[in-house]
Amino acid sequence: MVVPELRPWRAARPHVVRITNAVRPRLARAAAPVRPRVARLTRAVKPQLARVPRTATARTWQYTALAAGAGLALAAGVVTAAGPWGATGQRTAERDRAAALQEPGGADHGRASGTSSRAPRPAPSAATVLADLGRTTTTVKTAPGEKPLTDVLGPLLDAPELGGSHTAAVVDVTTGERLYGTGGDTALTPASTTKIATAVAALSALGADHRLTTRTALEPDTRELVLVGGGDPTLTAHPKDEGWASLRTLATDTAKALKARGIRQVTLSYDTTLYTGPGLHSIGVNDNLAPVSALTADEGRTDDSSSGPVTRVPDPAADAARKFAGFLQDAGIKSTSPGPSKATGRALTLASVSSPPLSALVERMLTNSDNDIAEALLRQTAAATGRPASFDGGAQAVADQLKRLGLPVSGAVFHDGSGLDREDRLTADLLTALLVKAGSPSRPDLRPVLTGLPVAGFTGTLSTRYADGAAGMVRAKTGTLTGVNALAGTVVDQEGRLLAFAFLASGTTSPEEAQSALDRAATTLAGCGCG
């Protein structure tokens, strides 16, 4: 069984370049000097795309930028400066955390991943996004004698490498016009592209600025200290927290609060009651996902890795509580061996630590195809909407949220948030609709769905793909299970149109060959000026 793997998440310094473009009718020309070493990188990786014939009367939108950031910059062209976005329109979370890697580090499904300590050095982060596209539309037609998009894309998606069943859809994000479709309303196994739906549902239900909090609570008169899990999948016990909530910091702050009350010994327990139902995924014990718990540190990993498949502890909550007890001991507080409990309404909160905003968690989940974050966000969506915070309750909550957004959910079936369940079903029409919704100027809270997509040839699960194609020009979420390959994301064609696409294939026999076939189709979109 081939299952998605994770990649290291490292912060990158934002060496930003601006995009030069001669866009009519609404985009102003913007140009800025490019730092010498960034310019060298641009020349080194600028993709040479084979140009598909386009209309002679169409106006070409010229743009040049760092290849690693071009896909993001154009894909987020509809961004307005709002909420967690900076004044330039760039996602603050991405600027702080984007890791456009220049070397392979075991990015895609089924390959071993390096640890954070061995991860390659980050390349410059994505460029500032373009100004708001507003209501600008294009009227690109196919000139007589030239191939329309159907004739260009169809043969590529009919490749035998894509197995016995495939569906596809391509939509103009700005206008909502469907440019291509084959079986777009047929539901197939989506694998990890399910995470796009999970992300949209979570952001819609909770908001991009929502944070997940882990706290300690002292029961009055008993000196019972309860470590209360808030469902933060990024809580870390590592010495360097790299901006994520730290279990060590929580222990230090708790010890200080206890000492201020004259307490130096406690009965330690932990509370995981935020989540309900079984924690073990239907795939069983698996190196790609820990048992889901409201309290976990470093995703229950048994080594010091931060991503990739690895053996997980059987009880993440007990493991986190034991580590917390050790940190308390280091801070001068003795405790009993921790056991499960539940904090009462009378318990006094002593200290707390919170995750980065949900926008950052969504970006990390999509870039790295992080299954643990996906299953946590499924339950957080359920809890926020009054559903049981379980696999079943979360699946229903996601479906409900997408329906409320007016998305085409007919045929869609959810069993989890990660896409590891082979019984999940999504359509190409739904996936493209999710991406169009995330690009809507009226929904800036959903923008992390676009900014979190891996960049072809540079980040996450696409870092080692597109070496000879549209590196930096395609942003897409991958999906791979045994016999299943999928790709859904955004690309800007040669006419400057921002396109959302979704390709789903079932019955594939070689994941590598299927991935190459999907990559060729996405590369063709990037080089296309056809109608």
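Computation of the quantities below employed the complete heavy-atom set of this structure, encompassing side-chain atoms and omitting hydrogens, waters and symmetry-equivalent molecules. This one's a predicted model, so the numbers in the text were calculated from it and none came from an experiment.
The list of ring-ring contact (aromatic ring centres under 6.0 Å, His included) pairs with a residue in residues 152-173, not counting sequence neighbours, is empty. Within the structure, no pair that satisfies the ring-ring contact (aromatic ring centres under 6.0 Å, His included) test touches residues 170-190, not counting sequence neighbours. Note on residues 474-511: pairs passing ring-ring contact (aromatic ring centres under 6.0 Å, His included), not counting sequence neighbours, are F501-F503. Sorted by first then second residue, the side-chain hydrogen bond (donor to acceptor under 3.5 Å, both in side chains) pairs that include residues 427-437, not counting sequence neighbours, are R178-D429.
With sequence neighbours left out, the side chain to side chain contact (heavy atoms under 4.5 Å, CB included) criterion links T311 to D287, T302. In this structure R211 satisfies the side-chain hydrogen bond (donor to acceptor under 3.5 Å, both in side chains) test with no other residue, sequence neighbours excluded. H415 pairs by the ring-ring contact (aromatic ring centres under 6.0 Å, His included) definition with nothing, not counting sequence neighbours. For T508, the side chain to side chain contact (heavy atoms under 4.5 Å, CB included) criterion is met by N485, A505, A514, not counting sequence neighbours. Under the rule for a salt bridge (Lys or Arg N to Asp or Glu O under 4.0 Å), the partners of D519 that lie at least two apart in sequence or sit in another chain are R465. Looking at residues two or more places apart in sequence or on another chain, you find a side-chain hydrogen bond (donor to acceptor under 3.5 Å, both in side chains) between E375 and S418. When the side-chain hydrogen bond (donor to acceptor under 3.5 Å, both in side chains) test is applied to S506, no partner is found at least two apart in sequence or on another chain. Under the side chain to side chain contact (heavy atoms under 4.5 Å, CB included) criterion, E512 pairs with S510, not counting sequence neighbours.
Side-chain contact check for N286 and N288: at least one donor-acceptor pair (N or O, by modelled atom type) lies under 3.5 Å. Using modelled atom types, one finds a donor on one side chain and an acceptor on the other under 3.5 Å when comparing D416 with H281. Of the N and O atoms on the side chains of S192 and K195, at least one donor lies less than 3.5 Å from an acceptor on the other residue. Side-chain atoms of R425 and T189 form a donor-acceptor pair, as typed in the model, at a separation below 3.5 Å. For the residue pair D298 / T236, a side-chain donor-acceptor distance below 3.5 Å is found, with atom types taken as modelled.
Of the possible donor and acceptor atoms, none in the side chain of S204 sits under 3.5 Å from a partner among the backbone N and O of V200.
Using a 4.0 Å cut-off between charged nitrogen and carboxylate oxygen, R301 and D303 do not count as a salt-bridge pair.
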